[in-house]
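What follows is one structure encoded as C-alpha cells, with my remarks underneath.
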Amino acid sequence: MSEVRVRFAPSPTGHLHIGTARTALLNWLYARKMDGSFIVRVEDTDLSRSTAEFEESILEDLAWMGLNWDEGPDIGGGFGPYRQSERFDIYRKKTDELLETGQAYRCYCAPEELEERRKARLAAGLMPKYEGTCRELTAEQEAAHLAGGKKAALRFRVPDGTITIRDLVRGAIDFSSEVIGDFIILRSDGSPSYHLAVVVDDGEMKVSHVIRGEDHITNTAKHVPLFRALGYPVPEFAHNAMILGPDGGKLSKRHGATSVDEYRQRGYLPEAINNYLALLSWAPEDTKEVFLLHELAAAFKIDRISKSPAIFDIAKLNWLNGQHIRAAGMERITNLCIPYLRDAGLIDEDELSEDDFAHLVQIIEAVRGNLTVLAEIPAYAKIFLSEFEIEPEAREWLAEPGLPEVLGELREALVARGELDFDAGKEVVLGLREHFKALGITGKGLFMPVRVGLTGSAKGPELPYILNILSKEEALARIDAVVEEAKKARQ
RNA sequence: GGCCCCUUCGUCUAGCGGUUAGGACGCUGCCCUCUCAAGGCAGAGAUCACGGGUUCGAAUCCCGUAGGGGCCGCCA
C-alpha cells in the first residue's frame, strides 16, 4: 500500500474562490482520512497574471479554513520547490527528453495563424483542434523556419488510439485520441504550459490521487498519455462536479460572495464553510449533517463524491453557521465578535480589560442563539453596550397599566440584593411573578414592562440573562429613566 | 459543431431490482414562552427529466431523446 499524496494547486491570480476552496477541502479530507500527505503547489506559470499577494492571500485563507499542509511553498518539503515558476529547469529537462524520443515536436505556427484556423474550423463545423501542421516537418523545413528566425513552441505528439481515464467517482471514461489535438507543452518563450507543468509536477512529487473539478475531465485525457510518455505512473483521478449559482448558471459575483475571505469577513466560521462545502460535494453514509473538520475527515469516502453539479444555497450555509456559532467555545466566539462590535462603535478601540472581556462573554452568550453570521452581533449586543434609549417599537409598553408598580417592585427587589448573577436574576423574576399574581398582573403585562424597563427594547434575551449582564447601578438608572418616560407618556 | 459529464421534493442529498421513495435546509402550523431567536413536535412538498426496452417486479440495469454543464488556448 503506497502512501497517499494529494495536492492542491491554486493559481495565484485571484483570491481563494469558494469552488477552489472546495477542491482543496476534498483533497485535504482524503489526505487526512488516508493518513497521507497534503501538498500545496503554486501554479504560477502565467507570470503576467500571478502575484505574490494572491499567493499569500490564498495560503492565508487555506490556513483559516484549517486545511494545514505538509509540503508547500512556505514550508518546503522533500519534493520542492513548490512554485512552478521555480521549476522551469525541470520542465526543460523533461521536454528535451520528449523531443529526443520524438514524443514532442517543434511547432512554428504563429498564434494569430492558429487562431484563424481555429475559427475557420469552428465555422466549418469541425472540431477546433490543432491540425498538426508542424507534426511531420522535414529537417529542411525546420531549418528554413529556424533560418527565418522563427521561435518554436513545443507540442506533445498525442499517440493514436483510445485513451481511457479511470475516475474514482465516475468509473472509466474513454476518449479517442482523434478528438485531442497535439497540445503545446512549452511556449515559444520557453515557459511550460499548464499541461506540462501539472504532469511533470504530479509525477515528480509522486502525487497518488488527483482530485479536481470536472472541468478538468478532458484535460485528464491529455495528461494520461503525457504521464506515460514521461515514464511516470498514472495517478488515480477523481473529478468533482461544479458549484452553480441559484439560477443554475456558473457561480459568479452577481450571486453574492464567491471568495472565502468575503465569507470570513461576513462572519462565517471556517467550520461552517467546511461543513457546507463538504455536504455540497459529498454525502456521508448516515444522516449526520453537522460536522467538524476532523469528523469530516473520518467520515470521508472518495467514491461518495457526488457526480452532479450543486447549486450554492446560502440558506443552508446560514443554518450551519448558526449551528457552529452555538457549538463553538464562548471565548473564541467572543473574540471573533469583537471586531464587529468595534466597527459598530459599541466597544472602545483600546485593549479590553479582563473584566470587559468577561462582560462581553456574558452578553454574547445571551444572544448568540440569534446569530446567523457574526456580523449581526452589534444589533443584538446594542441593548447592553450603547447608551440607553427606548426603541420606538418598545414605546407602546410605556402605557401598560401595571408598568409603574412592576418597575417599582423590580427596583426594590434589585436594591435589596447585591450584584446579580443568572440564578439570582431568575429568583428576582420568579419573585415578581409571585408578587403580582395576586394583583392579576401576569404574562406580558408583567414581563414586557420589565424587559422594556431594563433594555428599552421589546425583544431580547431571557430576563435572567439581562439581570446577569446589567450592573445594578445601570439597571436602576434604566428603570428610573423608563418610569420617567412613562409618566410623560401618560400626561 | 465534436467529444465528455450530469439529471430523485424549491435546494443539498440517501437509494445501488421488491422501501408507505428516507434525511437536511427552506416553508407552514403547533409546543415551549415576557419578546425575538434557539430548541422540540407535526405537516405540505418528488407522476424519481422523457420515451422505449430487460425483468414476475425498475428511481435502481440497457438503449434512445430532451435539458443542463464542461472542454476543444503559446489561461490555469
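These numbers come from a predicted model, not from an experiment. Quick note on labels: first sequence line is chain A, next is B, and so on, each numbered from 1.
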Checking all strands, does A:C107 fall into the base, sugar-phosphate, or nothing category for heavy-atom contacts under 4.0 angstrom? nothing
Could you label the plane-to-plane angle of the A:Y263 and A:F312 rings as parallel, tilted or perpendicular, counting under 30° as parallel and over 60° as perpendicular? tilted
Check every strand shown and say whether A:T442 touches a base, only sugar-phosphate, or nothing at a heavy-atom separation below 4.0 Å. nothing
Hey, does the side chain of A:R326 come within less than 4.0 Å of B:A37's phosphate (OP1/OP2), counting only N and O? no
Quick one: ring pair (Phe, Tyr, Trp, His ring centres under 6.0 Å) partners of A:F384, sequence neighbours excluded? none
Value in whole Å for how far the C1' atom of B:C74 lies from NZ of A:K151: 12 Å
Rounding to an integer number of angstrom, what distance separates B:C61 and B:U54 when you compare their C1' atoms? 8 Å
Which heavy atom in A:Y194 sits nearest to a heavy atom in A:R187, and how many Å separate them? N-NH2, 4.5 Å
How far, in whole Å, is B:G17 from B:G57 if one measures between their C1' atoms? 7 Å
Taking atom types as modelled, find out whether A:E214 and A:N240 have a side-chain donor-acceptor pair closer than 3.5 angstrom. no
Donor-acceptor pair present, A:N370 side chain and B:C36 base, under 3.5 Å: yes
Do A:F156 and A:H223 have ring centroids that are under 6.0 Å from one another? no
Using whole Å, report how far CD of A:E393 lies from C1' of B:C34. 17 Å
For B:G73, does either OP1 or OP2 sit under 4.0 Å from a side-chain N or O belonging to A:R118? yes
Examine distances only and state if a side-chain atom of A:E295 and a backbone atom of A:L292 form a donor-acceptor pair shorter than 3.5 Å. yes
Minimum-distance nucleotide (side-chain atoms of A:T287 versus B:G23, B:A76, B:U13): B:G23
For atom C1', what is the distance between B:G39 and B:U47, given to the nearest Å? 37 Å
Closest non-hydrogen atoms of A:H17 and A:G19, given as atom of the first, atom of the second and distance, are CD2-N, 2.9 Å
Assign A:G443 to base, sugar-phosphate, or nothing according to its heavy-atom contacts below 4.0 angstrom with the strands shown. sugar-phosphate
RNA chain B: 5'-proximal contact among A:I311 and A:M242 (nearest heavy atom): A:I311
Starting at atom CG of A:D303, determine the distance to atom P of B:A14, rounded to an integer number of angstrom. 12 Å
Taking the six-membered ring for Trp and the single ring otherwise, decide whether the centroids of A:H216 and A:H239 are under 6.0 Å apart. no
Assigned partner base of B:A66, Watson-Crick or wobble definition, under 3.5 Å: B:U7
Looking only at side-chain atoms of A:N219, point me to the closest of B:A76, B:C74, B:G26. B:A76
Nearest-angstrom distance from the residue atom CG of A:L277 to P of B:U13: 12 Å
Determine: side-chain N/O of A:R451 to OP1/OP2 of B:U33, distance under 4.0 Å, yes or no. no
Relative to A:F8, does A:R41 satisfy both conditions: NZ or CZ under 6.0 angstrom from the six-membered ring centre, and within 45 degrees of the ring's axis? no
Under 4.0 angstrom, heavy atoms only, what part of the nucleic acid is A:I184 near: base, sugar-phosphate, or nothing? base
Scan every strand shown for a Watson-Crick or G-U wobble partner of B:C27, both distances under 3.5 Å, and answer none if you come up empty. B:G43
Side chains of A:R212 and A:T23: is there a donor and an acceptor less than 3.5 Å apart? no
Find the distance A:I325:CD1 to B:A37:C1' and express it as a whole number of Å. 13 Å
What is the pairing partner of B:A58, taking Watson-Crick or G-U wobble pairs with both distances under 3.5 Å in any strand? none
A:S191 side-chain N/O to B:C74 phosphate OP1/OP2 under 4.0 Å: no
Would one find a side-chain N or O of A:R155 under 4.0 angstrom from OP1 or OP2 of B:C74? yes
Check: A:F183 ring centroid to A:Y130 ring centroid under 6.0 Å: no
Residues of residues 156-165 of chain A with a heavy atom under 4.0 Å from any atom of RNA chain B, listed by number, are none
Mind checking if A:P461 touches a base, just sugar-phosphate, or nothing, with heavy atoms under 4.0 Å? base
A:A153, nearest nucleotide to its side chain (from B:C75, B:C34, B:C74): B:C74
For nucleotides 2-10 of chain B, give me one character per nucleotide, 5' to 3': B if any protein heavy atom sits under 4.0 Å from the base, S if the only such contacts are to the sugar-phosphate, - if neither. -SSSSS---
Taking CH2 from A:W282 and P from B:G15, how many angstroms apart are they, rounded to a whole number? 12 Å
Report yes if a side-chain nitrogen or oxygen of A:Q323 is closer than 4.0 Å to either non-bridging phosphate oxygen (OP1 or OP2) of B:G39; otherwise report no. yes
Under 3.5 Å, is there any donor-acceptor pair linking the side chain of A:S188 to the base of B:C74? yes
Measure the distance from CD on A:E178 to C1' on B:C72 and round it to the nearest whole Å. 14 Å
N/O donor-acceptor pair, side chain A:D286 with base B:A14, under 3.5 angstrom: no
Within 45° of the six-membered ring axis of A:F291 and under 6.0 Å from that ring's centre, is NZ or CZ of A:K288 located there? yes
Determine the Euclidean distance between corresponding P atoms of B:U55 and B:U60; express it in Å to zero decimal places. 16 Å
Between B:C6 and B:A42 - P atom distance, rounded Å: 37 Å
Of all heavy-atom pairs linking A:P449 and A:E400, the shortest is CG-CG, 3.8 Å
Length of the line joining A:R117:CZ and B:C74:C1', which is rounded to integer Å: 13 Å
When we call it a touch if two heavy atoms are under 4.0 Å apart, what does A:R304 touch: a base, just sugar-phosphate, or nothing? sugar-phosphate
Without hydrogens or angle criteria, can the side chains of A:D174 and A:T164 be said to hold a donor-acceptor pair below 3.5 Å? yes
For atom C1', what is the distance between B:G67 and B:G23, given to the nearest Å? 28 Å
Separation between the P atoms of B:C50 and B:U8, rounded to whole Å: 11 Å
Checking all strands, does A:A241 fall into the base, sugar-phosphate, or nothing category for heavy-atom contacts under 4.0 angstrom? nothing
If pairing requires Watson-Crick or G-U wobble contacts with both distances under 3.5 Å, which nucleotide is the partner of B:G73? none
Toward the 5' end of RNA chain B, which comes first, A:V429 or A:L114, by nearest nucleotide? A:V429
Partner of B:C16 under the Watson-Crick or G-U wobble criteria, both distances under 3.5 Å, comes out as none
Expressed in whole Å, how much space separates the P atoms belonging to B:U11 and B:G69? 15 Å
Considering only heavy side-chain atoms of A:H195, the closest of B:A24, B:C34, B:A76 is B:A76
